[in-house]
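Remember, it's 1-based here, ligands and their atoms both numbered in the order they're listed.
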Amino acid sequence: MRGIVQGVGFRPFVYARAVALGIRGTVKNTGSQVEIDAWGDRFEAFLADVSRGPPLSRIDSVEVLPLAGPPPAGFLILTSSAGTLSGMIPPDVATCGECVGDLFDGRSRYHGYFATSCVNCGPRYSIIESLPYDRERTSMAAFPMCPECGREYADPGCRRHHAQTIACPSCGPRLSLMDADGRAMGVPDPVREAAELLDAGSILAIRGIGGFHIACTEERAGELKARLGRVEQPFAVMVREEFLGRMTCVKDGDWKVLGSEVHPIAVLVKRDPTAHADISNLHTIGCMLPYAPLHHLLFARLAAPLLIMTSANMPGYPMITETDTAVAKLRGQVDYYLTHDRQILNRCDDSVVRDGFIIRLSRGIAPKRTRIDLGPACILGVGPELNSNVTIYKGGFAITSPHVGHVRNPPTLAYLEETAERIRGWLGAKYDVIAHDLHPSFLSTGYARALAEETGAELVPVQHHQAHVAATTLEPCVSITIDGVGYGDDGRVWGGEVFAGQVPHLDRIGHLEEVPMPGGDLATRFPERMLYGILPDDRVLSLLMDRGWTDIQCGVLARQVERGVNVAWTSSTGRVLDAVSALLGICRERTYDGEPAMRLEAAAYGAPAREWPLEFVEKPGAEVLSTRSVVQRALGEYLAAREAGGRAGGKAVVAGIAASVQESLARGLAHIAVHGARDRGLEIVALSGGVAYNASIRETIRREVEQAGLTLLMNREYPLGDGCISYGQCVWAGAVKRVQG
Ligand SMILES: [Zn+2]
Ligand SMILES: [Zn+2]
C-alpha cells in the first residue's frame, strides 16, 4: 500500500484488523509504503478493511501479489526501514476525542496533561526536524520516554503504539506561567492560574502548537486593540462548543469543518450582525474550537464562553514561536506568558476556512500533498507577494507549505526561504525549474532569480491571475479571476480578468475597465483617491471636501488624475469595491488587507440588490465591463439619498447601493464569461481570486453561469486567494515544460 502511511498509526491499525479477522502474517513500514504479508480465510474482508487505512492516512494505491511459504504463527509488526519518502510530511492534527477523554479521566495517566496525544492526533509538522518521522528526529527527542510510556509505545494493542509524540506528566514537556518580565512564577497548576487571570481581565501570550497566540476575554477586546495598535481588523476567537451555535449561524458543513482533524478558524455569519462588534465589526466572525489539549484544559477552568486568540506577531511579520522572543517582543502588550518547553521547529498559523473554501492553508492542512502529474522536472513555485507559501513538485506530488505571509520584508522573505529549504531537504529535491510571479520587483522574484543562478534551474515567470487558473483546473475553460492586484502581461495592474483556453494557453477575453490609481499604493490605502480615479467628477471632489479634504488636497488629486502623474492603470475588482466602500462612507482608510471591500460586503449583507443596466466597452478581442458606469450610478443614488435627507433611511440606502454594486460587477463578469464560453464551445467556468470569498459576488456569478447551462468550478483544495499561487505556478510551469516537450 502506498501513500501517507507513516506517522499515522498504520501498523497498529493493520495489526488490530488482522487480530480481529484471524489473519496471520506481518506488516512492515518502508517509508512511503506499507508491506503486509497475510494468510487467512477472511483475507478479502481484511483487504477491504486495511485498504481504507486509519483516519490520518492517505492511500494512493494498493497492489496485491500472491505469496508463497508458510505463514508465521500469529501476526507480527516488523521494525521500520527508512525507504524513499515521497513527501510524507504529516500536518499537525487536532486532539482526538479519545485523548480529550483521557484528559478528563481521573484514572488516566494523561489526566490534566497538556501535551497528551496518540497515533491519531497531536503535533507533527511543527515538531519535525528531519525525516523519516521518528521521535529522535523531532523536538520530542529532548524528552526520553519513561518506562510506562515506553510500554505503551511498544504495545501493538495500544492507541499510542509507535506514537512518536507519546509523553506523560512524568517524562514529557512541562507548562509554566511567567510574569510580564518572563520570570517563571512557579505556580503548581499553570492552567488553573492562567484561566483565573484571563477571567480577571489579564492579557496572556499562550504558546500553542505552531506558535504563540495572544489571548484575552471579549471584555478586554478594546484594551487589546489599543495595546496592539490594531483598531479595525477583526480578531479570531476560540469558543466553547455549546456557545458557538448561540453566537453564530453554524451550518452542518461548518460543524464538520470545525470538528475535523484540522480544527481551523471558520468564518461564520453572526446571528446578530451588530453583536460582538469589539471583536469583529463585520457581519462575520472567525471562530475555532479548542484544538490542543492545553485549550481543552483551559476552557474547562475558564468561566468565559470564548477567548480572543490572535496570532502573536509584529504586523506583517511571522508568528512568534520562541518564548524568549515572545518575552522580548510582546513587552507592554501582554501581562503573562503561558508557555511550555517543547520546541516549535516549524511555525504554523491557524488555518482559516469560509463556506468550505480555504482562506489560509496552514495548521492541520499543510504541508499539503497533492497527487498530480506535472512531468519529470522538479519544480519550485515561490508564490506571489501577499499571503504567500511555497510549493515543491517532485515525482508526481506537489507539496505546499503552510502559510508564510506577506513577503515584503526581509524577515518574512527569510522565513519563505527557510520553509522552502526545509521541505526541499525532506523531499531530497533538486530543482530543475523555478516558477515565480511576473512582477519584476517582488522579493519572491528576486529569491527565484538568485536560486536559479545558484542551482542552474530554469526560470518560468507566471502571470498572477493565470496562476490562479492553473491552480483551479487544467481543463479547457473560461475563467474569472477577481482579486486585488497582480502584474499583467502588458505591464498594467490586473485584477478583474476573464480568460479562455487551456493552461498554459489562456487568452484574455475580457476584464473590468482600466481605471487610474492616483498615487499608486496610496490609492489602495486611501480608497477615496481610487473613487476620484474612477470618477474624476466635481461631485466627487465636493463630497471629499464635505468630509474634510482641503482645497489643496483636492487640487493635487485632480491634477494628478488629469495629467496622469504617478498613476497606475488597473482592472482590479478589489479597487472598485474599495472605491465604492469609500464613496458610501463605509471605509475611508484601509488598515488591513481587503478591509474596504470586506466592510462593503458586511454593509450589504441581507440587503436586496437591484439589477442595474450594465455597459460594456468593446475592445479588439475582449469585452470590457464599464466599472465607471457602475460607480457613476452608485454616486448618483448616494447623492440623491443624501439630498433627500433624513438619517433614518441612511443605512438601508447604503446597504442597497452596496448590494447593487456587488451584483453588477458579478453579473457583468459572468456575462463576459458566459459569452466567451458560448463563442468557444466551452462548458466550464472556473472562478478564483480573493474577491470570490465574497458570498454575494460568488453566488451571483454561480447563478448566472448555471442559468446559462454551464458548470461553475471552484477550488476547495487550495485557497481561492493568493495561497494557491505557488501551487498554480508549479502547475503552469509543468504545463509549459510539457508543451515544449
Ligand atoms: Zn489522540
Ligand atoms: Zn511518560
* **No-hydrogen, no-angle side-chain donor-acceptor test under 3.5 Å, Thr339 and Thr323** => yes
* Any donor-acceptor N or O pair under 3.5 Å, side chains Asn389, Ser726 -> yes
* Where the Zn ion (ligand 1) is the centre, what is the SG-to-SG angle for Cys99 and Cys121, rounded to 10°? -> 100°
* Geometry at the Zn ion (ligand 2) - Cys168 SG versus Cys171 SG angle, rounded to 10 degrees -> 110°
* To do: To 10°, measure the SG(Cys149)-the Zn ion (ligand 2)-SG(Cys146) angle for me.
  => 110°
* Would you indicate whether Glu241, at its atom CD, is surrounded by more than 12 heavy atoms from other residues, nucleotides or ligands within a distance under 6.0 Å? => no
* **For Asp102, the option from His111, Arg107, Arg159 that meets side-chain hydrogen bond (donor to acceptor under 3.5 Å, both in side chains)** => Arg159
